[in-house]
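This report concerns only the one structure given below.
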Amino acid sequence: MTQTNTLAKSRSGSEGIPHVPMSGLETLWMQIGGTLCNLTCNHCFISCSPHNHNHEQMSLDQVKKYLAESKELGVKDYYITGGEVFLHPEIFEIIETILQYGPLNMLTNGTLIREDKAEKLREIQNRVDFPMTLRVSMEHFDETKNDAVRGPNAFRLALGGIRNLAQQGFSPILTITRSWEEDKDSEMESQFLQFLQENEVPTPRIKILPGFLLGQLAENQRAYQKEERVTDKCFENFDITSLQCASSRMATGKGVYVCPILVDHNFAKMGNTITETLRPFPLAHSACYTCRVTGMTCKNE
Ligand code: SF4
Ligand code: SF4
């Protein structure tokens with residue numbers, strides 16, 4: 001029996017909703033790009049697009065405010081995401097500012113990283129002590145399969161971005177949403193690693209993410225079913241503090257949310273400052289089921 005089936009079977013109407021504790025804030029995510037993206041991937045769980053203004057891009061001032069607070073709270077590392085972060089007119093100032101505080105991980109679709117942008121990233125990296133890591137999202141090493149999800153030219157442009165970064169000595173982590181059966185992971189992994197090697201990425205690395213049945217993926221594939229929820233029983237043999245929401249928060253232009261996955265849901269906004277959000281959160285959403293079943297984290301490891 002799969003783990004998914006075991007979990008589904010373990011539910012009963014009388015079981016309570018588990019609350020994830022805040023076990024110690026380590027990571028601050030910031031939704032720098034808002035929900036604006038130059039692509040319109042048909043599996044985007046927050047339905048980003050060139051016209052989605054649900055979350056606006058964060059201003060440099062907002063970023064600075066959260067950074068100052070995060071320092072007081074002992075945050076160890078930072079992640080920025082969107083939408084697409086390289087659409088932001090102040091992205092390089094934001095990157096350099098964050099790197100004064102700690103290591104930075106950037107999630108991008110890679111399509112806007114032309115040669116001059118990769119050079120600028122190298123210049124910044126050479127000026128600061130903390131490392132920057134880029135994560136470039138693609139769907140497939142096959143152009144047709146990739147562009148079927150990400151749109152025309154997405155493959156060509158993202159590959160150009162990866163090569164430009166590699167040219168500057170960066171090793172972007174290729175991030176892929178799983179579109180195959182889980183037992184094919186190792187076979188797919190080796191093909192993605194080979195794809196990076198062929199494109200001269202110095203240290204090829206990949207990250208495979210599960211699909212969250214939200215936004216575009218819910219529309220184009222299926223939504224969560226009623227029984228796909230977690231209960232206290234689901235955590236009897238699982239350390240709940242290993243969930244990313246036990247040690248991270250997501251700052252946006254509209255306030256601070258529990259995690260990067262639920263930024264489209266008002267109930268997931270926990271406060272306007274990070275400090276206000278350092279309390280337990282009820283895992284009542286079906287997306288929490290995906291985190292529990294897959295042990296998923298949005299972080300690099
Ligand atoms: S999945 Fe990423 S690249 Fe695609 S639309 Fe959403 S934010 Fe943009
Ligand atoms: S979706 Fe995942 S990370 Fe977000 S609150 Fe639920 S379990 Fe935590």
Side-chain angles (χ1 to χ4, degrees), residues 7 17-23 27 29 31-52 54-55 57 79-88 106-113 135-139 146-151 153-155 157-158 161 175-177 179 209-217 220 224 228-231 234-235 238-250 256-265 267-270 277 279-299:
L7 274 179
I17 296 170
H19 284 60
V20 59
M22 170 43 71
S23 63
T27 299
W29 285 78
Q31 202 194 24
I32 299 296
T35 41
L36 287 165
C37 189
N38 57 321
L39 301 185
T40 48
C41 303
N42 65 21
H43 67 352
C44 185
F45 65 87
I46 41 176
S47 305
C48 293
S49 80
H51 314 292
N52 184 346
N54 184 22
H55 283 276
Q57 293 172 334
Y79 281 71
I80 61 172
T81 186
E84 173 48 45
V85 294
F86 284 98
L87 281 177
H88 198 299
M106 280 174 259
L107 277 58
T108 168
N109 62 39
T111 59
L112 302 174
I113 306 178
R135 277 209 349 226
V136 174
S137 55
M138 289 182 78
E139 290 322 301
N146 185 81
D147 289 0
V149 175
R150 304 202 139 233
N153 290 327
F155 181 91
L157 293 170
T175 308
I176 314 118
T177 301
S179 59
L209 294 169
F212 283 89
L213 298 169
L214 305 169
Q216 285 299 297
L217 192 57
N220 294 320
Y224 283 106
E228 290 175 308
R229 294 196 173 264
V230 290
T231 63
C234 300
F235 291 96
F238 184 98
D239 179 9
I240 198 166
T241 64
S242 68
L243 295 173
Q244 61 178 340
C245 42
S247 58
S248 66
R249 287 292 179 256
M250 169 69 149
V256 184
Y257 286 67
V258 64
C259 71
I261 299 146
L262 296 177
V263 286
D264 253 355
H265 302 270
F267 74 91
K269 180 180 165 184
M270 296 184 75
T277 71
R279 54 188 162 81
F281 181 79
L283 302 181
H285 197 281
S286 286
C288 305
Y289 177 83
T290 299
C291 292
R292 165 61 186 89
V293 170
T294 62
M296 183 268 179
T297 171
C298 300
K299 290 179 69 172

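All figures in this text were calculated on a predicted structure; none of them were measured in a lab. Both ligands and their constituent atoms are indexed starting at 1 by order of listing.
Expressed to the nearest 0.5 Å, how far CG of Asp264 lies from NE2 of His55 amounts to 6.0 Å.
Counting only distance, with no hydrogens or angles, the side chain of Thr175 and the backbone of Arg135 share no donor-acceptor pair below 3.5 Å. Under a 3.5 Å cut-off, the side chain of Ser286 and the backbone N or O of Glu228 do form a donor-acceptor pair. Under a 3.5 Å cut-off, the side chain of His285 and the backbone N or O of Ala287 do form a donor-acceptor pair. Remark: side-chain polar atoms of Arg249 are not paired, donor with acceptor, to backbone N or O of Val256 under 3.5 angstrom. Side-chain atoms of Ser47 come within 3.5 Å of backbone N or O of Gln216 as a donor-acceptor pair. Under the 3.5 Å distance criterion, the side-chain polar atoms of Asn42 are matched with a main-chain donor or acceptor of Ala148. Counting only distance, with no hydrogens or angles, the side chain of Glu84 and the backbone of Asn109 share a donor-acceptor pair below 3.5 Å.
With waters left out, the protein N, O or S atoms under 2.8 Å from atom 4 (Fe) of ligand 1 add up to 1. Counting only protein N, O or S atoms, 1 lie closer than 2.8 Å to atom 4 (Fe) of ligand 2.
Pro21 places a side-chain heavy atom less than 4.5 Å from the side chain of Ile240.
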